[in-house]
Amino acid sequence: MRIRATGAVVSGALALSALTGAAAQAAPGPDRERIQLPTAESVFGKQVTAKSKGFKAAAVPKVSKVTVNGGKDIVLGTTKAKTFSVSVTASHASNIGDAFVYFWHGSTYEKTDGILIPNEEYASCKASSATTSTCKMTYTVDPQWELINDLAGSWNVAVGVLSADDSGFAWIEKHSKTRVQRYSKLVVNATPEPIKKGKTLTVNGTLSRANWDTGKYAGYTQQSVKLQFKKKGAASYTTLKTVKSGSKGALKTTVKAASDGYWRWSFAGTSTTPAINSTADFVDVK
């Protein structure tokens with residue numbers, strides 16, 4: 001028997017009701033209640049966990065691979081919900097009957113301040129052999145309701161796997177990590193256009209990212225951003241200098257115009273914000 005865990009009960013400005021599908025729950029503030037985390041018993045059922053008490057190590061399913069969002073970071077803007085998938089490959093003598101993956105955020109398991117659970121009641125498992133299956137689940141996150149800025153960055157991936165005959169289960173609270181990031185934007189504008197060779201070209205720009213607290217985009221300040229140039233006909237960009245983003249994420253520098261080509265800004269990203277290149281601005285040098 002399977003009993004799907006419900007969402008945590010939290011308090012504060014972002015208090016949410018119990019959940020039936022995927023949701024990241026935030027419990028902000030010093031007066032927050034502790035988030036209720038799933039357990040093997042709450043997910044796979046009391047009968048299963050009772051049956052599994054005292055089982056031998058050989059009866060524990062082996063988790064060989066967990067893939068989150070195709071191996072990519074989970075990046076969200078300010079308004080659009082994102083759905084992504086997770087797959088778990090595991091094996092057991094009787095094969096795999098079910099799997100459960102959830103994500104938790106916090107400095108320690110005991111101090112979890114965010115949780116994300118799957119949309120489905122059960123994972124969809126497909127056998128690749130008599131003993132091995134890959135199980136898939138999907139998750140949907142809406143940044144307007146389920147995320148705050150403090151939840152950006154590294155999240156822990158917890159994995160549970162149940163054997164097909166209910167004789168054993170694996171429950172790994174800290175299997176691996178993934179990142180949930182705030183969508184970034186980067187723009188460039190080189191002036192004047194066109195320009196005479198040898199004259200000073202001013203390159204402006206703005207680096208911004210999603211602010212989940214306000215539902216708007218805001219400048220990302222004090223970040224190192226590279227100014228890059230690609231000569232007309234060339235195959236790749238060359239970095240000319242690095243500039244720190246200022247107030248409201250503003251970028252500005254000057255260079256001497258030497259030849260026709262494309263100018264762009266390039267941001268390497270941080271743990272909370274993905275890397276991004278601006279679109280290119282072509283400048284004709286006379």
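Starting from 1, each residue takes its place in the sequence as its number.
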Parallel, tilted or perpendicular: ring planes of Phe44 versus Phe169, cut at 30 and 60 degrees: tilted
Presence of salt bridge, Asp284 and Lys286, under 4.0 angstrom: yes
For the student: nearest non-hydrogen atoms of Val43 and Pro38, plus distance: CG2-CB, 4.0 Å
Point-to-point distance, once rounded to the nearest 0.5 Å, from CG of Leu186 to OG1 of Thr206: 8.5 Å
Test item: Thr79 and Gln144 side chains (from C-beta on) under 4.5 Å apart, heavy atoms: yes
Sub-4.5 Å side-chain heavy-atom contact between Phe282 and Asp260: yes
Side chain Asn95, main chain Ala164, donor-acceptor under 3.5 Å: no
Heavy-atom side-chain proximity of Val88 to Lys65 below 4.5 angstrom: no
Test item: Leu116 and Glu146 side chains (from C-beta on) under 4.5 Å apart, heavy atoms: no
Distance-minimising heavy-atom pair for Cys125 and Ala99: SG-N, 4.4 Å
Taking every non-hydrogen atom, the tightest pair across Ser133 and Ala127: OG-CA, 3.3 Å
Main-chain N/O of Lys226 paired to Ser266 side chain as donor or acceptor, under 3.5 Å: no
Pairwise distance OG(Ser85) to CD(Glu120) - rounded to 0.5 angstrom: 9.5 Å
Linked, directly or transitively: Val68 and Leu151 (ILVMFWY side chains, under 4.5 Å): yes
For the student: nearest non-hydrogen atoms of Ser94 and Ser163, plus distance: OG-CB, 3.8 Å
Verdict with reasoning, Leu251 to Ser245, per side-chain contact (heavy atoms from CB on, under 4.5 Å): CA-CA 5 Å; Leu251 300 163; Ser245 58; 3.8 Å; yes
Shared hydrophobic cluster, Phe84 / Val66 (ILVMFWY, side-chain heavy atoms < 4.5 Å): yes
Ser224 and Lys244, any side-chain heavy atoms less than 4.5 Å apart: yes
Interatomic distance, Arg179 atom CZ to Thr273 atom OG1 [nearest 0.5 angstrom]: 9.5 Å
ILVMFWY cluster, Met137 and Val161 together (side-chain gap under 4.5 Å): yes
Validation row: Arg182, Trp212 side chains within 4.5 angstrom (heavy atoms): yes
No-hydrogen, no-angle side-chain donor-acceptor test under 3.5 Å, Thr238 and Lys230: no
Side-chain heavy atoms of Ser259 within contact of Val285, under 4.5 Å: no
ILVMFWY network linking Trp155 to Ile172, side-chain heavy atoms under 4.5 angstrom: yes
Value rounded to 0.5 Å, distance of CG in Leu227 from NZ in Lys241: 7.0 Å
Path from Trp263 to Ile276 over hydrophobic side-chain contacts below 4.5 Å: yes
Exam field: side chain Asn119 to backbone Thr138, donor-acceptor pair closer than 3.5 Å: yes
Intermediate values then yes/no, side-chain contact (heavy atoms from CB on, under 4.5 Å), Ile74 and Tyr139: CA-CA 11 Å; Ile74 303 161; Tyr139 303 73; over 6 Å; no
Donor-acceptor under 3.5 Å (Gln181 side chain, Thr270 main chain): yes
Phe103 side chain near Val86 side chain, heavy-atom distance below 4.5 Å: yes
Considering all heavy atoms, the nearest Thr131-Ala93 contact: CG2-O, 4.0 Å
Check: Thr89/Thr134 side-chain N/O donor and acceptor closer than 3.5 Å: yes
Nearest non-hydrogen partners of Thr78 and Asn211, listed with the distance: CG2-N, 4.1 Å
Test side-chain contact (heavy atoms from CB on, under 4.5 Å) applied to Phe229 and Val255, step by step: CA-CA 11 Å; Phe229 176 72; Val255 292; over 6 Å; no
CA sep, side-chain torsions, deciding dist, call: Trp104, Lys111, side-chain contact (heavy atoms from CB on, under 4.5 Å): CA-CA 10 Å; Trp104 60 273; Lys111 296 180 180 179; over 6 Å; no
Euclidean distance, Thr202 OG1 relative to Ile195 CD1, rounded to 0.5 Å: 7.5 Å
Tyr183 OH: over 12 foreign heavy atoms closer than 6.0 Å: no
Lys177 NZ: over 12 foreign heavy atoms closer than 6.0 Å: yes
Glu193 side chain vs Thr191 backbone, donor-acceptor pair below 3.5 Å: no
Separation between CH2 of Trp265 and CG of Asn204, rounded to the nearest 0.5 Å: 8.0 Å
Whether Phe267 and Tyr220 hold their rings parallel, tilted or perpendicular, with breakpoints at 30° and 60°: perpendicular
